[in-house]
Amino acid sequence: MTLTGKFFSFEKRGVCGLLVALLLSNVSFAADRVVGANSSLEVNPGARSAALGSAAMAVDGDYLGLTANPYQLSNVNYAWASLSHTEYYENTKFDYASAVVPLGKDQGLGISFARFGANDIPYIKDGEPLPEGFLYNTLSIADWMFSVSYGRKLFERFDVGVSFHGLYRDLDQSGFGFRSDIGVRYHVIDQLYVSALLKGWTSSATAWGSGEFEYTSPEVYLAASYGLDVPYLYGKLGMYWQSAGLFHQESREMGFSNDDRGGRIWESPLDWLSGGRGGLEMIFDFGLSLRLGLSSFTTFQSVTAGAGIVIAKFLKIDYAFESHPVLSPVHRISVSFSPYLFSKKPRPGTPEAQSTVRKPTLLTEEVEEEEVTVAQIPEIVEEKAEPESSAEPVSPSKAEAQSVVEPVESTDNQAVQPQKNAEPAPAAGMIVETDDEILE
């Protein structure tokens, strides 16, 4: 190769490197750090978790909350299909569908698809006159989301889950977004669980058609749940809590706080706790559940409530009511269906196969035994005892002697009460010698 060829090759590589550097600098310059990139992924679609203050990280068994709780897939025993529908103000709707399947023992896979948007929005182009009547041009805006989640049990008390989310946004300009989450859960003792979620560990980013690039830094959340059996109410009480972000200021998109207080736990622990959420759930044995929660501890105007019913173990229906301090309340409905439990009985060893009906049989038997008196003992013994074939037959005269006893006269002409230490009556088929003075 000649010197000219070498110089040309070197110059070509230099130009390519310069173009790549300019491109990278252009991208880094256009990248903007924002709060709430891909914010549609923050909406909690499950009615059960929404009624509990949207503390989805702590709620197990709500397969509409895989965005915040992928590690619950380690407990999937059957395939479930779930649907959720929510209507917001100004005809904005949120529809969500998910399906989960077990992948062997202690692991499962979940897939979800969602649309969050509004239709038939009237608009007028620049320079056009106002139309007469209702002859407006209309448009639609929407976010389309697709997620894949996987969870498994690593150890006896340790679960892990990971999720990948993709988003397509169709507004005045189109854009694509992505985010990845990873979460862990630890079974502390009895019915106490603690969990953590690293949201956006690959960053939550959106690329717009105009060339602008937005991203949100990763964030860590904590959660805890505890269950308490309440036998007197024939059910179980569940308590759920989810924290605010540990690293950055909690996003106040709902308008709960107007100040600029720091949200980091090491700067202001009380402020960090006030940014959390939680709820209470009473689950009755016959399938009914009642729920109450707060989506933000900073105000009671964020009250949430709801109920759920389990129908024949293969169908679950949940409802949630979510209030807002400024906007109108939100009603949310979700349905979950299991094809396997519809056509077959639950497999032995799974929680669905266990009977939830509490039978206080021990208490009833103890009461019956306490009501038995000394005078009833011979009758009970005679009913339960079976004469042996090898036992010596008893003559009629002796049998009458065993059953008939003359009362002993007392000085005050009253019958003598049975003695407490008297021996119980002999069972049928036994011969007992008695004194001749007492027998007839």
Side-chain angles (χ1 to χ4, degrees), residues 38 41-46 48-49 52 54-82 96 98-114 145-167 178-205 216-227 238-248 265 276-278 336 349-352:
N38 302 320
L41 295 173
E42 305 295 336
V43 180
N44 183 19
R48 182 188 174 194
S49 299
L52 295 171
S54 295
M57 285 180 54
V59 180
D60 192 14
D62 185 4
Y63 301 127
L64 289 165
L66 296 177
T67 305
N69 190 344
Y71 39 80
Q72 64 175 321
L73 292 172
S74 62
N75 296 329
V76 174
N77 298 313
Y78 309 97
W80 285 89
S82 303
Y96 191 95
S98 68
V100 298
V101 292
L103 299 178
K105 184 179 179 181
D106 298 333
Q107 58 181 332
L109 177 68
I111 300 175
S112 61
F113 178 80
M145 293 160 284
F146 178 77
S147 302
V148 177
S149 304
Y150 173 77
R152 68 167 301 166
K153 185 180 294 294
L154 290 182
F155 308 104
E156 182 179 359
R157 293 176 175 268
F158 191 78
D159 304 327
V160 64
V162 61
S163 298
F164 299 92
H165 316 286
L167 182 143
F178 67 91
R179 196 184 83 191
S180 299
D181 308 326
I182 185 171
V184 293
R185 178 176 61 184
Y186 181 70
H187 184 190
V188 182
I189 186 173
D190 295 336
Q191 301 184 49
L192 176 61
Y193 294 84
V194 295
S195 55
L197 178 70
L198 176 58
K199 184 174 66 178
W201 62 277
T202 57
S203 182
S204 181
T216 300
S217 300
E219 183 59 286
V220 176
Y221 297 87
L222 303 178
S225 65
Y226 181 72
M239 293 167 277
Y240 310 93
W241 169 78
Q242 180 175 326
S243 76
L246 289 178
F247 294 157
H248 307 286
I265 183 175
R277 57 191 64 180
S336 298
T350 59
E352 290 81 1

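Source: prediction; values computed, not measured.
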Measure the spacing between [atom1] of [X] and [atom2] of [Y] and express it to the nearest 0.5 Å.
X	Y	atom1	atom2	result
H187	D159	NE2	CG	10.0 Å
L154	Y186	CG	OH	13.0 Å
F164	S180	CZ	OG	5.0 Å

Closest approach of [X] and [Y], non-hydrogen atoms and distance?
X	Y	result
R179	T202	C-OG1, 4.2 Å
A196	L222	CB-CD2, 3.8 Å
D60	R48	O-NH1, 2.8 Å
Y240	A58	CD2-O, 3.4 Å
Y71	S195	OH-OG, 3.1 Å
E219	L246	OE1-N, 3.3 Å

Counting distance only, does the side-chain N/O of R157 pair as donor-acceptor with the main-chain N or O of V188 below 3.5 Å?
->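 Looks like yes, one N/O pair under 3.5 Å.
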
Side-chain heavy-atom pair [X], [Y] within 4.5 angstrom cut-off:
X	Y	result
E42	K199	yes
L73	S149	yes
S163	S147	no
V76	L103	no
H165	D181	yes

Residue pair V101, I111: steps toward the side chain to side chain contact (heavy atoms under 4.5 Å, CB included) verdict = CA-CA 9 Å; V101 292; I111 300 175; over 6 Å; no

Keeping to residues at least two apart or across chains, list the side-chain hydrogen bond (donor to acceptor under 3.5 Å, both in side chains) pairs with something in residues 100-109.
->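 Residue pairs with at least one partner in residues 100-109: Q107-Y150.
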
List, one per line, each side-chain donor-acceptor pair under 3.5 Å for residues 62-69, sequence neighbours excluded.
residue	atom	partner	partner atom	Å
D62	OD1	L64	N	3.3
D62	OD2	S49	N	3.3
D62	OD2	S49	OG	2.6
N69	OD1	Q72	N	3.3
N69	ND2	A56	O	3.2
N69	ND2	M57	O	3.4
N69	ND2	V59	O	2.7

